[in-house]
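Order of listing sets the numbers, starting from 1, for every ligand and every atom in it.
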Amino acid sequence: MTMVPNIKEPYGKKTCRRLSDLKEYFADRKAVEDILSRDDPVIYEVYEHPVPPEGEHLIFATTVLLPGKVGDEFHFTKGHFHFEPDAAEVIIGVEGAGIVLLQNRAGELRQEQLEASAAVYSPPGWAHRVVNTSNRNLVFLSVCRADVGHDYETIIAKGFARRVVDKGD
Ligand code: S6P
Ligand code: ZN
């Protein structure tokens, strides 16, 4: 299958993450409540391609992360560790630009630029969160073993050591 022209097709499952799904992730809770009192905007959509959930297969999922901010914090994906500690991931930029935050369980943080045709490697044992710092969609393809399992709880409990905010520059 070619990545061009439509990286989202065919997909087996589409997940839509709205602000209400990310309430506890953004720092500015008042900004969250203000926006939710008017609307529940889509923050990102994930198109997962159909593969068996077994270790010899690879998940390849396309994420469309919409531009925008909550307070002064740019839109981001929830971010997660893999339960399989030896399961790495490759994140490939398709459209737009942003940042990948990588953090291991010891709290060490790395930051990588993501843009079209760039690849970011999330090593085994590192959590990954993608942030859209641009004013257009950030589209990326993620590839990892199909049996990784996603640990969101650690991120909800501890967060990432860095937040990406708009200070006008
Ligand atoms: C899966 C891979 C991506 C994310 C997607 C949404 O291992 O990292 O497909 O699931 O980018 O991010 P999140 O953190 O909400 O799963
Ligand atoms: Zn992952």
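Cation-pi geometry between Lys78 and Tyr25 is not met: the NZ or CZ atom fails to fall both under 6.0 Å from the ring centre and inside 45° of the normal.
Tracing side-chain contacts under 4.5 Å through hydrophobic residues (I, L, V, M, F, W, Y), one never reaches Val130 starting from Val139; they form parts of separate clusters. Phe140 and Tyr121 are assigned to two separate hydrophobic clusters, defined by single-linkage of ILVMFWY side chains at heavy-atom distances under 4.5 Å.
Outside the 6.0 Å centre-distance limit, the rings of His57 and His49 are not counted as a close aromatic pair.
Glu84 has a carboxylate O that lies under 4.0 Å from a charged side-chain N of Arg145, or vice versa, which qualifies the two as a salt bridge. A salt bridge links Asp34 with Lys30: the distance from a Lys NZ or Arg NE/NH1/NH2 to an Asp or Glu carboxylate oxygen falls below 4.0 Å. With respect to Asp151 and Arg105, a salt bridge is recorded, a charged nitrogen being found less than 4.0 Å from a carboxylate O. At a threshold of 4.0 Å, the pair Lys69-Asp166 counts as salt-bridged, since one of the basic side-chain nitrogens sits closer than that to a carboxylate oxygen.
Among protein residues, Tyr44, Val46, Ala61, Thr63, Thr77, Lys78, Gly79, His80, His82, Glu89, His128, Phe140, Ser142, Cys144, His150, Tyr152 come within 4.0 Å of ligand 1, judged on heavy atoms.
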Quiz item: Ile91 and His128: side chain to side chain contact (heavy atoms under 4.5 Å, CB included), yes or no, with the steps?
Solution: CA-CA 9 Å; Ile91 299 167; His128 29 275; 4.2 Å; yes
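With waters left out, the protein N, O or S atoms under 2.8 Å from the Zn ion (ligand 2) add up to 4.
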